[in-house]
Amino acid sequence: MQQELITDIDILEQPNQHTHNRQPTGEIRRTQENAIAGQRKLYIESYGCQMNFSDSEIVVSIMQQHGFGTTSQAEEADLVLLNTCAIREKAEQTIRHRLEELNSLKKRKPALTIGILGCMAERLKAQLLEEEKMVDLVVGPDAYRDLPRLVSQVEDGVRAVNVLLSREETYADITPVRLDSNGVTAFISIMRGCDNMCSFCVVPFTRGRERSRDPQSILAEARQLFEQGYREVTLLGQNVDSYKWAGRANRKETERAQAEGAPVIDFADLLEMVAQIHPDLRVRFSTSHPKDMTDKVLYTMAKYDNICKYIHLPVQSGNDRILALMNRTYTRQWYLERIAAIRRILGEDCGISSDMIAGFCTETEEEHRDTLSLMQLVEYDFSYMFYYSERPGTLAARKYKDDVPIEVKKRRLNEIIALQRELSLKRNQRDIGKIHRVLIEGESKRSKEFLQGRNSANKVVVFPRKHYQKGQYVNVLVHAATAATLLGEVVE
Ligand code: SAH
Ligand code: SF4
Ligand code: F3S
C-alpha cells in the first residue's frame, strides 16, 4: 500500500513536518479535555490539511459559546464531530471506517449525536445521512455558524444538513480556540476556497469560491498571538498569492472595486504588515501557486529577516502535456523561471518544497521521467508525494481516463520518493558547518535530553537541551544531517 508507505516515511523521518504544513498527511487531531463540570461535551477528530485543523478551532470556539466544553474521549462525549478530508479516496475510506466504529459506540449510547463536517461532508452532502444512515448531522465548511442550531435540531429528533457554500464567509470575527498547540507556533487562515480548478482536485467543489479575509482581523489575530507568547505564525490559504482585499471578501466585488481604482491590499502587502508586528514574530505562509507567485512577494521576503525563507511551490508534474491536462496553467519553463527568481532574489539557502502526483491520466514513462528531471534541476528540500487518485465530479474524472495501472503508479511514486530522499539529504548536507537561527518549539520527539525547532528554511534542527526553553531563539551550529533532520549544538 503505497499511501501507507508515504505516511510511514513521513512519520519516521519528518516527525514535525506534519504539524507545520497545511498538507493532508494522514495525521488525525483530537480535542483535549477542557469541559467544566455540568457542561455538555464535544469531541472533534480532524483529518486532512491544516485548513481543516484550523476550522476545527473555529468550530470549538462557536460551540463553546453555546455551552459545550471539549473532551479527549469520544466515549464521554454528547456530540462527536469528524472534520473530514476528501482529497484522495483513501482519506474517505478512513472516515467511513471511523464512522462504523462510532456507530457501534452509539448503539451503546443512543443519546450520542454524530456529525460529519468538512470536505467529505460537502462532497457527499446528504448521502451519508439519508442513504447510508451513518450520521445525524452533515455540515459543510462554510456553515459552521449554523452548528448550534443544527445540533439542537438533532436533539429534537430531526436529522440536520447544511452544506451551503458562501462567497463571503471567512469567520473573520471568530477567535479560534487553539487546540493541540505548542504555544509557540500557530496558523492563521487568510482566505478560503479556491478558484483554480486543477483537473484532479476536489477542493474547489468542497471549499467553494475563493475569498480573502479582512487584513485588520488577520493582524489583530497575529498581534494577540504574539502577546500570548507565540513566536511564529503561518498564513494559510490554498493559493495565498491571490490574496486580495478591497473592502469585501467576495472576489468578484473585490475585482470590480479594483477596476474602479479602489486601493487594494495584495499578498505581498499583507505579508509586510504581519512582518512589521514585531521582529521576533516569524512569518511563514502556505501554499504558493507557481502561476501567481510574484517577484513582489519575493522582494518582501528578502526585506524582512522575520519572514522565513521557505516556499512551498507545488509543481505536480514536470511535463508540459501533463501540466496542461492538469489545468495548472503554467509550463515547465515558467515554473523553472519562478525557481530561478527565488534563487536570484532569496539566494541558495531558501528552502523550496513541492507536491508531486505520479501516474496522472495518460502519463507515459517519458513524461514521468520529466518529473524526475525537473526534481533534479530544482533540488527540492522536501516534497509531499502521491499517486493519482480519481475524485468523482472533478474535470479529470469527467474528461480523462484513469488509465495508468496501479502498479505503475506505485512504481513511479517510489522512484519519485527515492529521488526526493537523495535530494533532501544533499540539500541538508549543505547546512553542515553553518550557524542557523532556530525558534525552539519543544522537546525532541526522540529524547527528553534534546530540544528541537526549525530554521528559517523550515528544516527541523535538533540539539542538546541544556538550559534552553521553548519559545526562545537560539543559534545552532549544525554538525550532522539526515534526509529529514539537522543535528547541532547551540553557540552563544
Ligand atoms: N492548493 C494546494 C494543494 C492542496 S491539495 C496547491 O495548489 O498546491 C494538496 C495536494 O494534494 C496537491 O498539491 C496534490 O499534489 C495532491 N492532490 C490533490 N488532488 C489529488 C488527487 N486527486 N490525487 C492525488 N493527489 C492529489
Ligand atoms: Fe486544488 Fe489546484 Fe486549488 Fe490547489 S490550486 S486547491 S490543487 S484546485
Ligand atoms: Fe484540506 Fe482535504 Fe479539504 S486537503 S481542503 S481537508 S479535501
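We use all heavy atoms of the structure for the numbers below, so side chains are in, but hydrogens, waters and symmetry mates are not. Each ligand, and each atom within it, is numbered from 1 in the order the structure gives. Note that the coordinates shown come from a computational prediction; the quantities given were computed from them, not determined experimentally.
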Applying ring-ring contact (aromatic ring centres under 6.0 Å, His included) to Phe285 and Phe267, what does each step give before you reach the verdict?
CA-CA 10 Å; Phe285 54 88; Phe267 180 59; 5.2 Å; yes

Within the protein, residues bringing a heavy atom under 4.0 Å of ligand 2, chain by chain
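For ligand 2, the contacting residues are Cys194, Asn196, Met197, Cys198, Phe200, Cys201, Val203, Pro204, Gln238, His289, Arg328.
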
Whether Arg207 lies under 4.0 Å from ligand 3, heavy atom:
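Arg207: in contact with ligand 3 (<4.0 Å).
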
Does Ala86 come within less than 4.0 angstrom of ligand 3, counting non-hydrogen atoms of the residue?
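Flag set, Ala86 near ligand 3.
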
Atom pair OH (Tyr400) and OG1 (Thr394), whose distance is rounded to the nearest 0.5 Å:
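Separation between the atoms: 10.5 Å.
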
First locate atom CD of Glu366, then atom CZ of Arg321, and finally report the distance between them rounded to the nearest 0.5 Å.
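The CZ atom of Arg321 is 10.5 Å from CD of Glu366, to the nearest 0.5 Å.
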
For [X], atoms of ligand 3 separated by under 4.0 Å from a heavy atom:
| X | value |
| --- | --- |
| Cys85 | 2 (Fe), 4 (S), 6 (S), 7 (S) |
| Asn52 | 6 (S) |
| Cys119 | 3 (Fe), 5 (S), 6 (S), 7 (S) |

Phe386 six-ring centre to Arg88 NZ/CZ under 6.0 Å and within 45° of normal
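Here Arg88 passes the 6.0 Å and 45° test against Phe386.
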
Within-shell test, Glu89 vs ligand 1, heavy atom, strictly < 4.0 Å:
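Flag not set, Glu89 not near ligand 1.
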
Take every heavy atom of Val203, measure it against each atom of ligand 1, and state whether any distance is under 4.0 Å.
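Contact check Val203 vs ligand 1: negative.
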
May I ask you to decide if Thr71's main-chain N or O and Arg30's side chain share a donor-acceptor pair within less than 3.5 Å?
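Not at all, since once roles are kept as given, no pair shorter than 3.5 Å links the two residues.
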
Gln238 and ligand 3 - part of the residue with a heavy-atom distance under 4.0 Å
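The part of Gln238 near ligand 3 is the side chain, not the backbone.
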
Minimum heavy-atom separation for Cys85 to Met120, with atom names?
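Heavy atoms only, the tightest pair is O-CB, 4.0 Å.
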
If you measure only the distance, is there a donor-acceptor pair under 3.5 Å linking the side chains of Thr364 and Glu367?
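Thr364 vs Glu367: donor-acceptor pair found between side chains.
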
Looking only at non-hydrogen atoms, which of Asn239, Thr287, Leu313 approaches atom 6 (C) of ligand 1 most closely?
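Going through Asn239, Thr287, Leu313 one by one, Thr287 has the nearest heavy atom to atom 6 (C) of ligand 1.
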
Test side chain to side chain donor-acceptor pair (under 3.5 Å) on Ser353 and Tyr310; report intermediate values, then the result.
CA-CA 8 Å; Ser353 60; Tyr310 166 65; 2.6 Å; yes

Would you call the rings of Tyr335 and Tyr330 parallel, tilted or perpendicular, taking 30° and 60° as the class edges?
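Tilted: the ring planes of Tyr335 and Tyr330 meet at 30° to 60°.
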
